[in-house]
Amino acid sequence: MKSFRQELTFNLPARMEFINITPEVEHAVQASGVQEGLCLVNAMHITASVFINDDESGLHADYKKWLEGLAPFDASPQRYAHNRTGEDNADAHMKRQIMGREVVVAITAGKLDFGTWEQIFYGEFDGRRPKRVLVKVIGE
Amino acid sequence: MKSFRQELTFNLPARMEFINITPEVEHAVQASGVQEGLCLVNAMHITASVFINDDESGLHADYKKWLEGLAPFDASPQRYAHNRTGEDNADAHMKRQIMGREVVVAITAGKLDFGTWEQIFYGEFDGRRPKRVLVKVIGE
Amino acid sequence: MKSFRQELTFNLPARMEFINITPEVEHAVQASGVQEGLCLVNAMHITASVFINDDESGLHADYKKWLEGLAPFDASPQRYAHNRTGEDNADAHMKRQIMGREVVVAITAGKLDFGTWEQIFYGEFDGRRPKRVLVKVIGE
């Protein structure tokens, strides 16, 4: 069994933003030399997500508006108990639970085994600083 | 290490519907010959889910109503920017994020290692056409 | 390839509660002898979650309030069809979908490969009875 590990680092200029990291993950899969296996991609931070969906800017705008409705940003200590600790990012912890921490993708014949429109995104909910994503590949 | 791959195709007659795909996944696990390992089951489409929950029709009706409340269908271009591209399924992309893209299930002694009530479902949010689910098994 | 399986049992005194199970999972990883691989941790019950987030009591209070807002407990048969079957836990099935069934964590150099603040939690939404979590490790 082969295994391979790589960290990717992203520093997004906005508080909430999504970026397509499929090329970076494809590169890691190639570097792993794994032909058949599984690829785990996870945010290493608890106010960020890795998810698979469509690379369409309108949809991304919809996600932001929708997540803001479900878990509004509110730095005050009134709405969120977490923000009484000096943090202002309680909402980011909730947005991340909706969008998910990780994806597991099959590797078949040395490639990410995707449907037509599947693309991997890093979802940032408390940005403006460097944050890490882990890619772990196992297989043969 | 063994690996095995199978695609399942579903064509559900409703826009939103859930079906129990546990028998199909069990069949794939048997065909893989894997005794100890992991089984990834994921929707290959970005407006569909694979999730594990209870096979109870009342609960499924509750999920539909609940998801419709959280992310209402609205084909107009007003609510969702995605629907200005000619699509009408922005809501389906959101419902899918709540219910999840994939499940990873342990394989122990050649079987899906489940709790008493765990069953695997395909969740369709933009149906009435053939859509695919990937089953990937790795192990020994 | 090595594989290892362990069940953890939790009996939480409240209906909804979160507990940090990272030490138990670390112990399982050590017992597995796996140096490089993947660790699946999943609830074996469909009204419970396993998720990764921050071990901060204010945040946990926020999650409870937020989940209660998204999917309120209501034992009556009016709101949830599932509760016409004699159950009272339809809300718990929904809360579990938001928080997720499972996490997959990389194992690197014999340890859970975590970011600084990542901790694994068991999330209970219908407690006051013994319930199980599965830890499955594969790798080498």
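In what follows, chains carry the letters A, B, and so on, assigned in the order in which the sequence lines appear, proteins first and then strands, with residues in each chain numbered from 1. Heavy-atom basis, side chains included; hydrogens, waters and symmetry copies ignored.
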A.B. asks: How many angstroms lie between CD1 in A:Ile138 and CD1 in C:Ile138, if you round to the nearest 0.5 Å?
C.D. replies: 4.0 Å

A.B. asks: Which value, rounded to the nearest 0.5 Å, describes the distance between C:Glu56 atom CD and A:Ile46 atom CD1?
C.D. replies: 9.5 Å

A.B. asks: Tell me, side chain or backbone of C:Leu67 under 4.5 Å from chain A's heavy atoms, or both, or neither?
C.D. replies: neither

A.B. asks: ring-ring contact (aromatic ring centres under 6.0 Å, His included) with A:Phe125: which residues, sequence neighbours excluded?
C.D. replies: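 Per chain and number, A:Phe125 pairs via ring-ring contact (aromatic ring centres under 6.0 Å, His included) with no residue.
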
A.B. asks: Out of curiosity, C:Asp54 CG to A:Thr47 OG1, how far, rounded to the nearest 0.5 Å?
C.D. replies: 9.5 Å

A.B. asks: What residues of residues 72-97 of chain C sit under 4.5 Å from chain A when only non-hydrogen atoms are counted?
C.D. replies: none

A.B. asks: Measure C:Met99 against the heavy atoms of chain A and call it side chain, backbone, both or neither at under 4.5 Å.
C.D. replies: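 Backbone plus side chain of C:Met99, per the 4.5 Å heavy-atom cut-off to chain A.
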
A.B. asks: Counting only non-hydrogen atoms closer than 4.5 Å, does A:Ala43 touch chain C with its backbone (N, CA, C, O), its side chain (CB onward), both, or neither?
C.D. replies: backbone

A.B. asks: Return each pair, listed once, that meets ring-ring contact (aromatic ring centres under 6.0 Å, His included) where at least one residue sits in residues 99-118 of chain A; pairs must be two or more places apart or across chains.
C.D. replies: none

A.B. asks: Name the region of C:Thr116, side chain, backbone, both or neither, that has any atom closer than 4.5 Å to a heavy atom of chain A.
C.D. replies: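 C:Thr116 touches chain A through backbone and side-chain heavy atoms alike.
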
A.B. asks: Could you have a look at C:Asn53, C:Ile52, C:Leu38, C:Thr108 and say which one has the most heavy-atom pairs with chain A under 4.5 angstrom?
C.D. replies: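 Of the candidates given, the most pairs with chain A belong to C:Asn53.
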
A.B. asks: With sequence neighbours excluded, what pairs up with A:Phe10 under the ring-ring contact (aromatic ring centres under 6.0 Å, His included) test?
C.D. replies: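 Testing A:Phe10 for ring-ring contact (aromatic ring centres under 6.0 Å, His included), a comparison that skips the adjacent residues, returns A:Tyr122.
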
A.B. asks: Taking all heavy atoms of A:Leu40 and all of C:Val105, pick out the closest pair and write down the distance.
C.D. replies: CD2-C, 4.0 Å

A.B. asks: Counting heavy-atom pairs closer than 4.5 Å to chain A, which one of C:Asp113, C:Ile98, C:Leu70 comes out on top?
C.D. replies: C:Asp113

A.B. asks: Taking only Lys NZ, Arg NE, NH1 and NH2, and the carboxylate oxygens of Asp or Glu, determine whether A:Lys136 and C:Glu36 approach each other closer than 4.0 Å.
C.D. replies: yes

A.B. asks: So which part of C:Phe51 gets closer than 4.5 Å to some heavy atom of chain A, the side chain, the backbone, both or neither?
C.D. replies: side chain

